[in-house]
Amino acid sequence: MNEVNKTLYIPLYGKAKVSRQGIIIHDPMAEKIWESEKFKIRGKAKSKWLTYNMAMRARVFDEWTGKMLKQNPEALVLHIGCGLDGRCLRIKAKYKNWIDGDFEDVIQIRKRYYSESENYHMLVFDASHPEQVNTLPDSSAVIVILEGVSMYLQNRQVNEFFQSLEKKYKNVYILMDVYTVWGAKASKYKNPINDVGVTSVYGIDDVECVLEGTKLKCKAGHSLTPKKLVNELKLSEKMIFKLLFHGSLYRKIYRLYEIGV
């Protein structure tokens with residue numbers, strides 16, 4: 001498994017650790033997989049503050065996905081860079097067709113823990129090859145989950161992927177977290193992904209640059225650490241967490257965008 005793919009263990013660890021505490025996210029599959037994989041997490045990736053951040057990010061994506069499914073029950077759900085995430089199990093809303101996509105070595109590991117069904121499938125998929133969109137099932141709408149993915153793609157590649165989605169589907173709904181350009185540069189020196197060997201990522205300052213040539217629009221910016229989830233922390237932990245992940249400096253580094261037609 002290459003260095004980029006190893007980053008999947010960082011959010012897995014975070015969700016497993018926080019789920020065991022009974023706050024923010026309920027994810028028994030993450031707990032099970034983490035116990036089985038026994039991947040060695042070290043350095044900043046072991047920070048309890050980061051585990052809270054990873055769990056909150058997952059919960060925000062979960063809630064958005066559930067909301068979009070209720071509004072578009074016939075839509076295809078496309079989770080790109082799914083890693084070993086169990087969103088397909090955590091979501092309570094019913095779905096007609098869900099595809100979890102990632103690189104081949106990740107999907108091989110994933111199949112140890114997840115089973116395909118009539119409405120759930122795992123697919124080897126690389127967003128840097130937008131022509132692969134043409135192999136996806138037809139649908140009136142697609143709900144695209146891009147969690148922890150955009151920073152490993154150049155802006156041009158994100159744009160080409162979006163153009164392919166728009167050509168394939170009449171209605172496209174995307175939730176995407178991004179590093180800013182400054183955040184991407186800073187990541188070279190201080191980022192948990194460094195602990196698994198990743199030192200080069202990409203940033204987006206103006207989300208419109210990756211929407212060029214499409215009819216897609218940035219519908220909203222969302223918080224990755226909403227107050228209701230921060231409030232699930234112990235009182236003694238809230239202040240430190242807010243300083244690290246809830247202020248203007250955090251937004252200068254990391255953002256979350258909802259995109260659609």
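- The shortest heavy-atom contact between E212 and Q163 is O-NE2, 3.7 Å.
- Salt-bridge check for D102 with R110: failed, with every basic side-chain N at 4.0 Å or more from each acidic carboxylate O.
- In terms of heavy-atom proximity, M56 sits nearest to L224 at CB-O, 3.6 Å.
- Follow the hydrophobic side-chain contacts under 4.5 Å out from L244 and you reach I23 in the same cluster.
- When all heavy atoms of L153 and A127 are compared, the closest pair comes out as CD1-CB, 4.0 Å.
- For the 3.5 Å distance criterion, the side chains of D62 and W64 fail to qualify, holding no donor opposite an acceptor.
- Under the 3.5 Å distance criterion, the side-chain polar atoms of S19 are left unmatched by any main-chain donor or acceptor of H26.
- K168 and D138 are joined by a salt bridge, as a carboxylate oxygen and a charged side-chain nitrogen come within less than 4.0 angstrom of each other.
- By the 30° and 60° cut-offs, the orientation of the rings of F245 relative to F241 is tilted.
- Under the 4.5 Å side-chain contact rule for hydrophobic residues, L89 and M122 share a cluster.
- Remark: the backbone N or O of A55 is not paired with any side-chain donor or acceptor of R59 at under 3.5 angstrom.
- Under the 4.0 Å criterion applied to side-chain N and carboxylate O atoms, E35 and K38 are assigned as salt-bridge partners.
- Ring orientation note: the planes of Y114 and Y120 are tilted relative to one another, at an angle of 30° to 60°.
- Salt-bridge annotation for R57 and D177: present, with a side-chain N of the basic residue lying under 4.0 Å from a carboxylate O of the acidic one.
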| field | Trace of the ring pair (Phe, Tyr, Trp, His ring centres under 6.0 Å) decision for Y179 with Y254 | value | CA-CA 5 Å; Y179 286 146; Y254 196 32; 5.5 Å; yes

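- The main-chain N or O of A30 is found under 3.5 Å from a side-chain atom of D27 such that the two form a donor-acceptor pair.
- V142 has its side chain out of reach of Y173: every pair of non-hydrogen atoms, C-beta onward, lies at least 4.5 Å apart.
- Counting only N and O atoms by type, the side chains of E74 and Y95 include no donor and acceptor under 3.5 Å apart.
- By the 4.5 Å heavy-atom criterion applied to side chains, L8 and F103 are not counted as neighbours.
- Heavy-atom minimum distance, M176 versus V158: SD-CG1, 4.2 Å.
- The pair E258-K217 fails the salt-bridge criterion, with no side-chain N (NZ, NE, NH1 or NH2) lying under 4.0 Å from an Asp/Glu carboxylate O.
- Between K48 and E237, at least one side-chain N (NZ, or NE/NH1/NH2) sits under 4.0 Å from a carboxylate O, which counts as a salt bridge.
- A salt bridge links R156 to E160: at least one charged side-chain nitrogen sits closer than 4.0 Å to a carboxylate oxygen.
- Heavy-atom minimum distance, V60 versus L175: O-CD2, 4.5 Å.
- At a threshold of 4.0 Å, the pair E147-R87 counts as salt-bridged, since one of the basic side-chain nitrogens sits closer than that to a carboxylate oxygen.
- L256 and I24 end up in the same hydrophobic cluster when Ile, Leu, Val, Met, Phe, Trp and Tyr side chains are linked at under 4.5 Å.
- For the pair C209 and N159, the tightest heavy-atom approach, listed with the atom from each and the gap, is O-ND2, 4.2 Å.
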